[in-house]
Amino acid sequence: MEVEPPLYPVAGAAGPQGDEDRLGVPDGPEAPLDELVGAYPNYNEEEEERRYYRRKRLGVVKNVLAASAGGTLTYGVYLGLLQMQLILHYDETYREVKYGNMGLPDIDSKMLMGINVTPIAALLYTPVLIRFFGTKWMMFLAVGIYALFVSTNYWERYYTLVPSAVALGMAIVPLWASMGNYITRMSQKYYEYSHYKEQEEQGPQQRPPRGSHAPYLLVFQAIFYSFFHLSFACAQLPMIYFLNYYLYDLNHTLSNVQSCGTKSHGILTGFNKTVLHTLPRSRNLIVVESVLMAVAFLAMLLVLGLCGAAYRPTEEIDLRSVGWGNIFQLPFKHVRDFRLRHLVPFFIYSGFEVLFACTGFALGYGVCSVGLERLAYLLIAYSLGASAASFLGLLGLWLPRSVPLVAGAGLHLLLTLSLFFWAPLPRVLHHSWILYVVAALWGVGSALNKTGLSTLLGILYEDKERQDFIFTIYHWWQAVAIFVVYLGSSLPMKAKLAVLLVTLVVATTSYLLMEQKLQQGLVPRQPRIPKPQHKLRGYRYLEEDDSDASDVDGGGGQQGPGDCAEEEAPQAGALGTEPAGPCRRPCPFEQALGGDGTEEH
């Protein structure tokens, strides 16, 4: 019986032709080492490199989609739970039957105060937290705090709701500042992976051309905000599939309402104190809150598992090594930049217009005239209009960058002037289509505003050492605007519209002045980012080897010979001394002895 030949040749065994293969090279133990362990004969280095960077680019797209989906789910769960909670707690019968004399309205007012007031202090700690935890882990921690707020609604008491609301208020600015920074960094990394050959020719320490990542930034911001604005629609799902079945119709809830729209005062004056014809069972409420908790947990997993790091480890070390005192001060020092000063009114208006759409227009014009049961559909119209219009930000690929921002401001200007002269009648439905059209158009203006501002900041401040400071300032001013709206919630509708209109005009004028100054060649004054001060002892990497620090002043992570001229001069004249490290500062003990960073032998 003949033995079947092996499927694959055995290493070291003689081939079928004896001690030599068909090419004449020995195939036994005397075969050359290169034939045994050498490179694959069909290996194509350029093709493998192209595939490698293609995988890197797909990873960047995955990061953008995961961050966008995580932010959408997080904000949707937060808004949906807060909306359902406030409607249930507003009902007089629900409060008396479920909670007795616990003082639920007082708890709700303190909870809203914690959410709206706490972010005022965010400018003091947000950059420090982002640099300490890193951009990705700051996002994960903030999403976890949002999930904590959802979990406390299982047991609604003062000692659960109010502390979680304060923690949520502390996480608002860090979450959205790190999100904006993350999307901008992904656009820069996508450019690096798309133009890797140019990067190899220029060298690792050379900066890419200014504005080179702008096309990718426009696309990524459009994707992010198209997802983000869907959160307003996702927030209405608990109301559509659960709460609407328990609500009275408009004839009961609006029975005492006399005026709406521009004639209204405060928030729904005369609205009925009972809005629920049947109280929902506690078991049903627990099921709804469990679904919201599961979605919040899914958002945490998306950020944790699918979002990659925004910086390389050496870059993270460099960003922290500028000193915590400098990190704390730099957001305030950026006030010197005239570009930021001119954009502050737009930051404030960006906070005003979102809150006006969700409270002023949705309640003062929508619920006041067509009832509470149609609130969800108004906000869905706003959400879908904003989500679809986010891709209009791609017009910046062909038009000047000021066009989307000014177009969104012009649309809001027309809508605000129209709302000044419109007072819909209560309990009348024949004009409801106007409300949906206005809500969708307002969403279009919001999308142009948000995508335009975030893209503009990413283009003006493309230095990775500044981005977290800039987005912190942007979202902090938004938080200040939301706090102002919270304080002025009892004002007449005409006063709210007037403040909105004045802010919009000032913001647009200020922005156009900024663009004019830039066209005239006026150079902005930016604070200097200190060079990373690495420890030469300990776990830090060697400063002379692989630092990825990009020096804002034009140098790389490594110091040239001229950088140490002033420090090497006294060392050269010292007899029997040599420098203890590359251009290091003298320690306090050496300063006390009168030395200048040298060690005696």
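Quick caveat, the model's predicted, so the values are computed rather than measured.
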Measure the [atom1]-[atom2] distance between [X] and [Y] for me, rounded to the nearest 0.5 Å.
| X | Y | atom1 | atom2 | result |
| --- | --- | --- | --- | --- |
| Asp318 | Thr314 | CG | OG1 | 6.0 Å |
| Leu453 | Phe346 | CG | CZ | 6.0 Å |
| Leu124 | Trp476 | CG | CH2 | 8.5 Å |
| Leu73 | Leu230 | CG | CG | 10.5 Å |
| Ile529 | Arg466 | CD1 | CZ | 4.0 Å |
| Ile145 | Phe140 | CD1 | CZ | 11.0 Å |

Keeping the roles fixed (side chain from [X], backbone from [Y]), state whether a donor-acceptor pair exists under 3.5 Å.
| X | Y | value |
| --- | --- | --- |
| Ser231 | Phe227 | no |
| Ser383 | Ala233 | yes |
| Arg131 | Leu319 | yes |
| His475 | Ser178 | no |
| Ser164 | Phe149 | no |
| Lys136 | Leu304 | yes |
| Ser151 | Leu148 | yes |
| Gln188 | Arg185 | no |
| Thr126 | Leu123 | no |

* Set of residues satisfying ring-ring contact (aromatic ring centres under 6.0 Å, His included) with respect to Tyr216, sequence neighbours excluded ->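 ring-ring contact (aromatic ring centres under 6.0 Å, His included) check on Tyr216 returns Tyr190.
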* Structure fact -> Applying ring-ring contact (aromatic ring centres under 6.0 Å, His included) to Phe347 and not counting sequence neighbours gives Tyr474
Grab the two heavy atoms, one from [X] and one from [Y], that are nearest each other, plus how far apart they are.
| X | Y | result |
| --- | --- | --- |
| Ser350 | Asn449 | OG-OD1, 3.2 Å |
| Ile473 | His334 | CD1-CB, 4.0 Å |
| Thr451 | Ala447 | OG1-O, 2.7 Å |
| Ala235 | Leu79 | CB-CB, 3.6 Å |
| Met186 | Ala309 | CE-O, 3.9 Å |
| Pro238 | Leu292 | CG-CD2, 4.1 Å |

* To do: Check the pair Tyr196 / Glu49 against side chain to side chain contact (heavy atoms under 4.5 Å, CB included), numbers first and verdict last.
  => CA-CA 9 Å; Tyr196 58 92; Glu49 188 179 40; 3.6 Å; yes
Would you mind reporting whether [Y] and [X] have side-chain heavy atoms less than 4.5 Å apart?
| X | Y | answer |
| --- | --- | --- |
| Leu141 | Met138 | yes |
| Ser212 | Glu462 | no |
| Ser510 | Leu343 | no |
| Phe228 | Ser68 | no |
| Phe469 | Glu465 | no |
| Leu302 | Cys307 | no |
| Tyr311 | Asn181 | yes |
| Tyr78 | Ile115 | yes |

Can you tell me if [atom1] on [X] sees more than 12 non-hydrogen neighbours from other groups inside 6.0 Å?
| X | atom1 | answer |
| --- | --- | --- |
| Phe132 | CZ | no |
| Arg341 | CZ | yes |
| Phe338 | CZ | yes |

Side chains of [Y] and [X]: any donor to acceptor distance under 3.5 Å?
| X | Y | result |
| --- | --- | --- |
| Tyr349 | His412 | yes |
| Thr184 | Gln467 | no |
| Glu515 | Tyr511 | yes |
| Lys450 | His229 | no |
| Tyr225 | Ser454 | yes |

Does the pair [X]/[Y] count as a salt bridge with the N-to-O cut at 4.0 Å?
| X | Y | result |
| --- | --- | --- |
| Asp337 | Arg525 | no |
| Arg50 | Glu46 | no |
| Lys189 | Glu192 | no |

* **Intermediate values then yes/no, side chain to side chain contact (heavy atoms under 4.5 Å, CB included), Lys517 and His342** => CA-CA 10 Å; Lys517 288 182 179 180; His342 280 289; 3.0 Å; yes
* Criterion side chain to side chain contact (heavy atoms under 4.5 Å, CB included) on Tyr461 and Arg339, from CA distance to verdict -> CA-CA 10 Å; Tyr461 301 93; Arg339 297 174 296 180; 3.3 Å; yes
* Out of Leu65, Thr72, Ile183, which one pairs with Phe224 under the side-chain contact (heavy atoms from CB on, under 4.5 Å) rule? ->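 So the option named by the test is Ile183.
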* To do: For a side-chain contact (heavy atoms from CB on, under 4.5 Å) with Pro119, tell me which candidate from Val173, Val480, Ile482 qualifies.
  => Val173
* Ring-face cation of Arg55 near Tyr193 (centre distance under 6.0 Å, axis angle within 45°) -> no
* To do: Check the pair Thr472 / Ile130 against side chain to side chain contact (heavy atoms under 4.5 Å, CB included), numbers first and verdict last.
  => CA-CA 10 Å; Thr472 296; Ile130 293 177; 4.2 Å; yes
* To do: Could you tell me whether Tyr75 and Trp176 have their ring centroids closer than 6.0 angstrom?
  => yes
